[in-house]
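One-based numbering, in listed order, for ligands and for the atoms of each. Keep in mind that this is a model prediction, so the values were computed, not measured. Counting from 1, the numbers follow the sequence of the chain as shown.
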Amino acid sequence: MAEFTEVAARVWVARYEWFDANVTVVGGDRGLLVVDTHGSSAAGRAVVDDVRRLGAGEVVGVVNTHWHFDHTFGNEAFREAWGAVPVTAHEDAAEELARRGEEIRQRYADAPDDPHRDDVLATRVVVPDDTFSSARVLDLGDRAVELVHPGRGHTAGDLVVRVPDADVVLAGDQVEESAPPAYGSDCFPLEWPHSLDTVLGLLTARSVVVPGHGAPVDRDFVEQQRNEIGIVAQTVRDLAGRGVPADQALAAGEWPWEAARLEQAVARGYAQLPRGQRQLPMA
Ligand SMILES: [Zn+2]
């Protein structure tokens, strides 16, 4: 159970202990849009109960900010509670969830001591059925909600949700507050800074930005995180340009966060360098 707190007019955020994950509700006169659904059907049902207790209306749509299961495995609960509501996501997010959902369940099957194992195994993965490639507007009646794919970063299929009349942006895991940004095996470390430039372009000095994990932040916070993510990208380029092999780069670089968190940033960054920059310099 968690409490939905209004962070701007008719935009409520609940922060859940497991993964410190945020779920956001956006209200309009047609009903409620739920952004991200937590990590299992059981966890999603707890969110459904919290949305009902909020008492702001009925859910008419669900959005997934990206495919990761801590944002999508609760989808089923919203279909159980509110029927065939559309689940909207970037097309790559839908594809990845369809392709890799089972892999996540298997990971939990192999983790007998995890307290969430049974819940994850009992989850039926509901893949988004309403997808787009670059931008989309959802009509909540008296309010339009904009979904924007700012480019690849945390994953290939990240989206941010903008509620223009409330000056709110829900950033998914393109921005994190309670931990450094997560570079996983599906990240795009060299493109991430540019994607955040697009996100920054949607923000004003007064914007409320809801990260995928942690407390709401402001534009300055996003700008600083963009710069740190930019340093990671530039460091990968510099090391590769100096001929440092990929397997020595982590130890050789100076990073804004502890190196252990950046293994995939380096591996993926090296693999994604343009061809010419991947070659060792001539001796
Ligand atoms: Zn994620």
Side-chain angles (χ1 to χ4, degrees), residues 13-24 34-40 43-44 47 62-75 87-108 114 116 119-120 123 125-128 131 147-161 169-193 195-196 198-199 209-217 221-222 225-226 228-229 232-233 257 260-265 267-269 272:
V13 180
R15 187 170 170 178
Y16 292 88
E17 205 179 311
W18 186 31
F19 288 115
D20 193 16
N22 285 328
V23 175
T24 304
V34 174
V35 180
D36 288 342
T37 60
H38 213 193
S40 69
V47 179
V62 169
V63 170
N64 293 147
T65 57
H66 59 295
W67 77 273
H68 288 161
F69 81 101
D70 51 325
H71 302 258
T72 57
F73 268 29
N75 287 354
V87 180
T88 307
H90 186 268
E91 57 192 12
D92 289 343
E95 208 181 295
E96 282 287 274
L97 181 59
R99 198 167 64 82
R100 299 185 61 184
E102 272 313 305
E103 184 185 311
I104 303 299
R105 283 160 41 93
Q106 195 53 50
R107 200 187 293 170
Y108 274 83
D114 192 291
H116 298 281
D119 287 345
V120 173
T123 296
V125 177
V126 172
V127 175
T131 61
L147 312 184
V148 177
H149 169 54
R152 303 190 290 190
H154 176 67
T155 70
D158 296 338
L159 69 78
V160 301
V161 180
V169 167
L170 317 176
D173 288 0
Q174 281 250 335
V175 176
E176 287 205 43
E177 188 272 337
S178 49
Y183 288 94
S185 60
D186 53 351
C187 69
F188 289 83
L190 306 182
E191 297 171 38
W192 199 339
S195 302
L196 280 174
T198 299
V199 176
V209 180
V210 180
H213 306 271
V217 297
F221 181 97
V222 177
Q225 196 157 87
R226 182 261 174 245
E228 290 167 322
I229 285 171
V232 172
W257 301 291
R261 293 181 159 275
L262 296 169
E263 233 166 85
Q264 291 292 339
R268 300 270 295 169
Q272 292 163 10

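The residue from Phe69, Phe19, Phe73, Trp18 that alone fulfils the ring-ring contact (aromatic ring centres under 6.0 Å, His included) condition with His38 is Trp18.
Side chain to side chain, Asn75 and Thr72 fail the donor-acceptor criterion of an N or O pair below 3.5 Å.
The Zn ion (ligand 1) has His66 NE2, His68 ND1, His154 NE2, Asp173 OD2 as protein N, O or S atoms under 2.8 Å away.
Not counting sequence neighbours, Glu263 has no partner by the salt bridge (Lys or Arg N to Asp or Glu O under 4.0 Å) test. Under the salt bridge (Lys or Arg N to Asp or Glu O under 4.0 Å) criterion, Glu177 pairs with no residue at all, not counting sequence neighbours. Residues satisfying the side chain to side chain donor-acceptor pair (under 3.5 Å) criterion with Gln264, sequence neighbours excluded, are absent altogether.
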### Task
Take Phe188 and Tyr183 through the side chain to side chain contact (heavy atoms under 4.5 Å, CB included) test and state the conclusion after the steps.
CA-CA 8 Å; Phe188 289 83; Tyr183 288 94; over 6 Å; no
